[in-house]
**Q** 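If you scroll down you'll find the structure; I have some questions about it.
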Amino acid sequence: MTTTVPEAEVLRDALGLLKDREQVAERLLDSSAKHSFDPDKELDWDAPFEEGKWFWPPELVSLYDTPLWKRMSEEQRILLSRHEAAALASLGIWFELILMQLLVRHVYDKAATSAHVRYALTEIEDECRHSKMFARLIAHGGTPWYPVSRAHQNLGRVFKTISTTPGSFTATLLGEEILDWMQRLTFPDERVQPLIRGVTRIHVIEEARHVRYAREELRRQMLTAPRWSQEFTRITSGEFARVFSVAFVNPEVYTDVGLDRRQAMAQVKASGHRREVMRTGARKLTDFLDDIGVLRGVGRRMWKASGLLA
């Protein structure tokens with residue numbers, strides 16, 4: 001007689017035993033049922049923006065504490081925060097469109113009745129709402145939509161086509177965890193517009209489940225995927241880190257608020273404060289990726305070159 005050993009008892013990494021995939025998904029489904037939001041109903045889209053309030057915490061605005069920032073008026077600084085909030089929302093939409101396609105690929109050949117697949121479909125529902133919420137926020141703010149560069153659009157198209165499963169979940173965490181760190185600073189900040197705080201609060205609550213799902217699955221994939229897939233993941237994740245760190249600042253925002261784009265980009269690049277913001281935002285993720293063996297070899301060097309890893 002053969003006894004089946006539960007998955008959680010046979011899969012272990014540097015962080016300990018992995019939890020059963022179905023049990024994790026069931027808990028996430030329960031949480032989704034209790035803590036999901038309809039932004040169209042939850043948020044007051046009719047309320048006017050409040051005079052003198054920021055659209056993003058000033059310390060997280062790209063030019064903060066640079067020589068150019070010190071010469072800007074308070075009004076121009078707030079205007080820049082408005083455009084950067086729109087640019088980050090635009091980046092979020094681009095990223096979530098990629099993520100939704102990666103999730104569909106992940107569950108394509110898995111049992112649709114499993115909790116793991118049902119949660120993936122639930123997460124796709126969440127991401128659809130988030131993308132619509134971000135799009136409505138951009139339109140409501142009266143700013144342009146800020147697409148990523150054509151080169152990054154094409155790289156995203158290639159990545160979502162060739163990515164390994166562990167590579168997909170690594171990219172998922174990269175896109176979610178840095179923005180999550182910033183949004184956790186934003187939604188309790190009373191200096192920030194109430195609508196922005198409401199949007200970021202919804203996103204933080206629902207993204208916490210997405211991060212849990214991706215972390216658990218990435219740990220499993222880094223133990224069970226073929227060695228070539230693990231190595232390919234290390235390299236592609238390093239390249240995606242580079243792309244994401246560059247795409248995080250859209251140079252068009254500077255032109256749109258009356259600044260010299262080249263001068264602004266040069267000062268952002270030279271800013272020790274900005275470098276520390278990005279590394280701090282990524283630290284929880286890079287520590288996790290290091291623990292489970294993603295940050296090795298060429299991939300690690302690429303992560304360092306991205307500026308997200310010290």
**Q** Go through the steps for E217 and R212 under the test salt bridge (Lys or Arg N to Asp or Glu O under 4.0 Å), then give the verdict.
**A** CA-CA 9 Å; E217 189 59 27; R212 172 73 186 282; over 6 Å; no

**Q** Counting distance only, does the side-chain N/O of S163 pair as donor-acceptor with the main-chain N or O of S168 below 3.5 Å?
**A**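 Present.
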
**Q** Would you tell me whether T233 and T164 have side-chain atoms, one donor and one acceptor, within less than 3.5 Å of each other?
**A** yes

**Q** Under a 4.0 Å N-O cut-off, is there an ion pair linking D287 with R283?
**A** no

**Q** Going by heavy atoms in the side chains, are L80 and Y64 under 4.5 Å from each other?
**A** no

**Q** Would you say the side-chain atoms of Q101 and K160 include a donor-acceptor pair closer than 3.5 Å?
**A** yes

**Q** Is the closest side-chain donor-acceptor distance between H210 and E127 under 3.5 Å?
**A**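 Yes - a donor-acceptor pair under 3.5 Å links their side chains.
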
**Q** Ring centroids only, cut at 6.0 angstrom: are H152 and F244 within range, meaning strictly under it?
**A**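 Centroid distance H152-F244: not below 6.0 Å, so no.
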
**Q** Quick one: side-chain hydrogen bond (donor to acceptor under 3.5 Å, both in side chains) partners of S32, sequence neighbours excluded?
**A** R209

**Q** Any donor-acceptor pair under 3.5 Å linking the side-chain atoms of Y119 with those of S114?
**A**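 Y119 and S114 do not have a side-chain donor-acceptor pair below 3.5 Å.
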
**Q** Measure the spacing between CH2 of W228 and CD of Q230 and express it to the nearest 0.5 Å.
**A** 10.5 Å

**Q** Do Y254 and H83 make the cut of ring centroids closer than 6.0 angstrom?
**A** no

**Q** Using distance alone, with no hydrogens and no angle criterion, decide if T165 and Q221 have a side-chain donor and acceptor under 3.5 Å apart.
**A**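 No, no side-chain donor-acceptor pair sits under 3.5 Å.
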
**Q** So, the side chain of S245 versus the backbone of R242: is there a donor-acceptor pair under 3.5 Å, distance only?
**A**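 Present.
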
**Q** Of the non-hydrogen atoms in S36 and E206, which two are nearest, and what is the gap between them?
**A** CA-OE2, 3.2 Å

**Q** Could D13 and R220 be called an ion pair, given the rule that one side-chain N must be under 4.0 Å from one carboxylate O?
**A** no

**Q** Report all side-chain donor-acceptor pairs from residues 301-310 shorter than 3.5 Å, counting only partners two or more places apart or in another chain.
**A**
from	atom 1	to	atom 2	distance (Å)
W303	NE1	S237	OG	3.2
S306	OG	W303	O	2.5
S306	OG	L308	N	3.2

**Q** Between E59 and D65, is any pair of side-chain heavy atoms under 4.5 Å apart?
**A** no

**Q** Establish, yes or no, whether a centroid distance under 6.0 Å links the rings of F187 and H203.
**A** no

